[in-house]
Student: 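Take this structure first; my questions come after.
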Amino acid sequence: MHAGDAPPATAALDPLTAALRSSLPADSVITDPVRLRTYECDGLTYHRATPGVVVLPETAEQVARVVRLCNEFAVPFVARGSGTGLSGGALPREDGVLIVTSKMRRVLEIDLPNHRAVVEPGVTNLAITEAVREQGYYYAPDPSSQQICSIGGNVAENSGGAHCLKYGFTVNHVEACEIVTPDGDLVTLDRMDPGYDLLGAFVGSEGTLGIATRITVRLSRAPESVTTVLAAFESIEQGGTAVSAIIAAGIVPAAIEMMDALSIEAAEAAVACSYPEGAGAVLIVELDGPAAEVARQFDRLKEICSGAFELRVAADPAERAAIWKGRKSAFAAVGRISPAYIVQDGVVPRTALPEVLAAIDRLSAEHRIRVANVFHAGDGNLHPLVLFDDGEPGAGERAEVVSGAILDLCVEHGGSITGEHGVGVDKVRYMPRMFSEADLDTMQLVRCAFDPRGLSNPGKVFPTPRLCGEVPGVRKGAHPLVESGKAEQF
Ligand SMILES: Cc1cc2nc3c(=O)[nH]c(=O)nc-3n(C[C@H](O)[C@H](O)[C@H](O)COP(=O)(O)OP(=O)(O)OC[C@H]3O[C@@H](n4cnc5c(N)ncnc54)[C@H](O)[C@@H]3O)c2cc1C
C-alpha cells in the first residue's frame, strides 16, 4: 500500500474510532493514512502492517478507557513504546488499535532513600539515569538502544544490556507495575505482594498480558571505581578462550562484550571507533566496584589477556565512551557494509561459544551469506548479524535459512532462541523447536488467565492461540501433562 491509499479494515473500525474520539483529546486519535504509516513496523522492518487506528493516550485512565472500548467492540490492540523492538512485538494489526505511550513521559517520583523511581511507560531508559546521575545513582539495565527505547518496552521485553551480566536484567530492577489488564482494569502488581509472582509473569510478556502504565524501578548507586579495557586478539577463538578464563578466575565483570572482524569493520565505517587494526576479535571488559577490588581484578585480567596483541585501558570517561562507541553502534553500523540484515538473538552456554561460532562460520560459507558476530560474551548471548542484499533474488531466503539454523544450533547446545529481544512475530515459528506442545499449552493457560478474549497483542509469542480459541480461559479435556501422568489435576 502507498501513502494516500485508503488503509484496509478501517471501515469496520468506524464505530470504535468514533467512540475513541469522544473519549480522548482531539489530537490523540490518528486515522490519517499517511500518519498511520509512521507506525507500520518496529526495528524489524521486514514485517509491516498499517494499523487500523493509532491512539496516543496521556494518562493511565485514558489507556484503560481505550482498552475497555476495544473490549466493547471486540477489537484487538497492541502497545507500542518507542518502536525499537527487534522481533516485531509492536507490529500493529490492520484490524486493530495501536496504543502508543510516547505522550506518557513523566518521571513521577524519585525516592533516593529507598533507591526507587516511579515513571510513566514512555520515559526512555536513559532518561531515568539522567534524572538521578548528579546524585550518584543510575538505572542499571542498559540496552544499546537506551537513548530512545521506552521503559514500558523494556518491561515488556525484559530487556538486557552490556551490564546485565553482573547486575541482572530488567526483571531484577522493576519493583512494581501499574497495568491496564486486557479487559480494561487498572491494577498494581508489586514485588512485595504475597502469593504468585504476577509481576514476574508480566515482565517479559511482550504486551500479551496488558499494558504497563506506571513503573517503579530500582535505582543503583554508581560504583566507586570503573575500569574499561579493550583487548584485541588475532582470532575469535583466542577472544572466546579469554572470556572463559576470566569467568573461571572468579571475576564477574560488569560487562564482557565481543565483536568479530566483520562487525569491527562495520563499526569502523560508521563511527570511526579506532579499534586496533587487524583484530580478529575485540573484547570490551568493564570492571566496577570498590577501587581496591577493581585494581586487584584488573591485575588478574592483564595476566589472562596476555595473548592479546593490544590492551587499551580507558584513562577517563571520554576514553571509556570512545571504547563503547563501536560496540553500542554495532547493529546500526552494519547498514554501512550491507544493504539489509537480520539481527539474531540466541543464547548458548558460555563454554559452547567456540564450537557454535565455528558452526556459524560453516553455515555462512555454505549459504554464501556473511555473518557478523557481536555478543554479550559473558552470558553467552549471541547477536549474529546475518547480512544480505535484498536486491539479489533468493538472498533474503538464504539469510532466513541461516538465521533459523543459528537458532537451531543454540537450542541443540542447551541454549535459547532469544536472550533479550523477545519472540514477537519473528520467532513464533521457532517456539516449537524449543518447547513441546504441553509446554506451550501451559504458557497459554497463563495467557488466558490474563486475557481470555485474546485481544492483547494477539499473534505474538505463541504459534497458535489454541487454548484461548477453544474455550476462553478454560481448557477442554485433560491437560497433556495430566494425560501423560506428569502432573495431577485436583
Ligand atoms: C540499535 C538497537 C539496539 C538494541 N539493543 C538492545 C540491547 O542491547 N538489549 C535489548 O534487550 N534490546 C535491544 N534492542 C531492542 C529494543 O530496543 C528493546 O527490546 C526495547 O526494550 C524496546 O523498547 P521500545 O520502547 O522500543 O518497545 P517497542 O518496540 O515499542 O515494543 C516492544 C514490545 O513491548 C510491548 N510494549 C511496549 N510498551 C508497552 C507497555 N507500556 N506495556 C506493555 N507492553 C508494551 C510492545 O507491544 C512490544 O511487544 C535494540 C534495538 C535497537 C534498534
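Because the structure is a prediction, the values reported are computed rather than measured. Just so you know, ligand 1 is whichever comes first in the structure, and atom 1 is the first atom listed for that ligand.
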Student: Output the distance between atom CZ (Phe331) and atom OG (Ser263), rounded to the nearest 0.5 Å.
Tutor: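 OG of Ser263 is found 10.0 Å from CZ of Phe331.
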
Student: With distance as the sole test, does Arg191 use its side chain to make a donor-acceptor pair with the main-chain N or O of Val174 at under 3.5 Å?
Tutor: yes

Student: Need the ligand 1 atom indices (1-based, order shown) with element for anything under 4.0 Å from a heavy-atom of Gly89.
Tutor: 47 (O), 48 (C), 49 (O)

Student: Identify, for atom 14 (N) of ligand 1, the protein heavy atom at the shortest distance, and state residue, atom and that distance.
Tutor: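 Protein heavy atom with the smallest distance to atom 14 (N) of ligand 1: Ser145 OG, 3.6 Å.
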
Student: Any idea which atoms of ligand 1 are less than 4.0 Å away from a heavy-atom of Pro121?
Tutor: 41 (N)

Student: Counting only heavy atoms, which portion of His421 has something under 4.0 Å from ligand 1: side chain, backbone, both, or neither?
Tutor: side chain

Student: Does any N or O of ligand 1 fall below 3.5 Å from an N or O anywhere on Thr101, backbone included?
Tutor: no

Student: Looking at Glu175 and Arg116, is there a salt bridge between them, counting it only when a charged N and a carboxylate O are closer than 4.0 Å?
Tutor: yes

Student: For ligand 1, which is the ligand I care about here, please tell me if Phe202 has any N or O atom under 3.5 Å from one of the ligand's N or O atoms.
Tutor: no

Student: Using a strict cut-off of 4.0 Å, indicate which atoms of ligand 1 neighbour a heavy atom of Asn457.
Tutor: 47 (O), 49 (O)

Student: Give me the nearest non-hydrogen protein atom to atom 37 (C) of ligand 1 as residue plus atom name, then the distance to 0.1 Å.
Tutor: Gly81 N, 3.6 Å

Student: Would you find a donor on one side and an acceptor on the other, under 3.5 Å apart, between the side chain of Tyr341 and the backbone of Ala372?
Tutor: no

Student: Suppose I only count heavy atoms of Gly207 and a 4.0 Å limit; which atoms of ligand 1 are within that range?
Tutor: 44 (N)

Student: Distance to the ring centre below 6.0 angstrom and angle to the axis at most 45 degrees; does that hold for Arg80 and Tyr39?
Tutor: no

Student: To the nearest 0.5 Å, what is the distance between CG on Asn373 and CD1 on Ile264?
Tutor: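 Here the rounded value is 11.0 Å.
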
Student: Would you call Arg48 and Glu40 a salt bridge, taking side-chain N to carboxylate O under 4.0 Å as the test?
Tutor: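 Result for this pair is yes, salt bridge flagged.
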
Student: Any salt bridge linking Asp426 with Lys460? Criterion: basic side-chain nitrogen under 4.0 Å from a carboxylate oxygen.
Tutor: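 Salt bridge flag = no for Lys460 with Asp426.
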
Student: Does any N or O atom in Asp142 lie less than 3.5 angstrom from one in ligand 1, N or O only?
Tutor: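 No - when backbone and side-chain N and O of Asp142 are compared with those of ligand 1, no distance drops under 3.5 Å.
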
Student: Among all the protein's non-hydrogen atoms, which is closest to atom 15 (C) of ligand 1, and how far away is it?
Tutor: Thr84 O, 3.7 Å

Student: Is it the side chain, the backbone, both or neither of Ile179 that has a heavy atom closer than 4.0 Å to ligand 1?
Tutor: neither

Student: So which heavy atom in the protein is nearest atom 29 (O) of ligand 1, and how far is it from that ligand atom?
Tutor: Gly85 N, 2.8 Å

Student: Taking the side chain as every heavy atom from C-beta outward, state whether Glu109 and Thr216 have any pair of such atoms under 4.5 Å apart.
Tutor: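 Glu109 vs Thr216: side chains apart.
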
Student: Name the atoms and distances for all side-chain donor-acceptor pairs under 3.5 Å in residues 383-390, with sequence neighbours left out.
Tutor:
from   : atom 1 : to     : atom 2 : distance (Å)
His383 : ND1    : Gln344 : O      : 3.2
His383 : NE2    : Glu420 : OE2    : 2.8
Asp389 : OD1    : Gly391 : N      : 2.8

Student: Under 3.5 Å, is there a donor-acceptor pair between the side chain of Ser329 and the main chain of Lys325?
Tutor: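 A pair under 3.5 Å: yes.
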
Student: Gly160 versus ligand 1: do any nitrogen or oxygen atoms come within less than 3.5 Å of each other?
Tutor: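 Checking ligand 1 against Gly160, an N or O pair does fall under 3.5 Å apart.
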
Student: Please state which protein non-hydrogen atom is closest to atom 43 (C) of ligand 1 and give its distance, to 0.1 Å?
Tutor: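 Atom 43 (C) of ligand 1 sits closest to the protein heavy atom Gly210 O, 3.5 Å.
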
Student: Report yes or no: do Thr50 and Glu94 form a side-chain donor-acceptor pair below 3.5 Å?
Tutor: no

Student: Is the backbone of Asn71 close enough, under 3.5 Å, to the side chain of Arg453 for a donor and an acceptor to pair up by distance?
Tutor: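 Yes.
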
Student: Strictly under 4.0 Å, does any heavy atom of Gly43 approach an atom of ligand 1?
Tutor: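 Under 4.0 Å: no for Gly43.
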
Student: As an exercise, identify every atom of ligand 1 less than 4.0 angstrom from a heavy atom of Ile211.
Tutor: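 What qualifies from ligand 1 is 41 (N), 42 (N), 43 (C).
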
Student: Quick one: nearest non-hydrogen protein atom to atom 41 (N) of ligand 1, plus distance?
Tutor: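 The answer is Ala212 O, 3.1 Å.
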
Student: For ligand 1, find out whether one of its N or O atoms is nearer than 3.5 Å to an N or O atom of Arg80.
Tutor: no

Student: Does His413 have any ring pair (Phe, Tyr, Trp, His ring centres under 6.0 Å) partners at least two apart in sequence or in another chain, and if so, which?
Tutor: none

Student: Using distance alone, determine whether Gly161 and ligand 1 share an N or O pair under 3.5 Å.
Tutor: no

Student: Side chain or backbone, does Asp42 bring an N or O within less than 3.5 Å of an N or O on ligand 1?
Tutor: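 No, Asp42 has no N/O under 3.5 Å of an N/O on ligand 1.
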
Student: When you measure from atom 32 (C) of ligand 1 to every protein heavy atom, which one gives the shortest distance, and what is it?
Tutor: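 Answer, as residue, atom name and distance: Glu157 OE2, 3.4 Å.
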
Student: Just which atoms of ligand 1 are under 4.0 Å from any heavy atom in Ser159?
Tutor: 11 (O), 18 (C), 19 (O), 20 (C), 21 (O)

Student: Looking at Ile360, is its backbone amide N or carbonyl O close enough to the side chain of Ser364 to form a donor-acceptor pair, meaning the two atoms are under 3.5 Å apart?
Tutor: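 Absent.
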
Student: Consider every N or O of Gly83 and every N or O of ligand 1, then say whether any pair is closer than 3.5 Å.
Tutor: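 N/O-N/O distance under 3.5 Å: yes.
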
Student: For ligand 1, which atoms have a heavy atom of Asn154 less than 4.0 angstrom away?
Tutor: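 In order of number, 20 (C), 21 (O).
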
Student: Considering non-hydrogen atoms of the protein only, which is the closest contact for atom 31 (O) of ligand 1, and what is the distance?
Tutor: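 It is Ala90 CB, 3.8 Å.
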
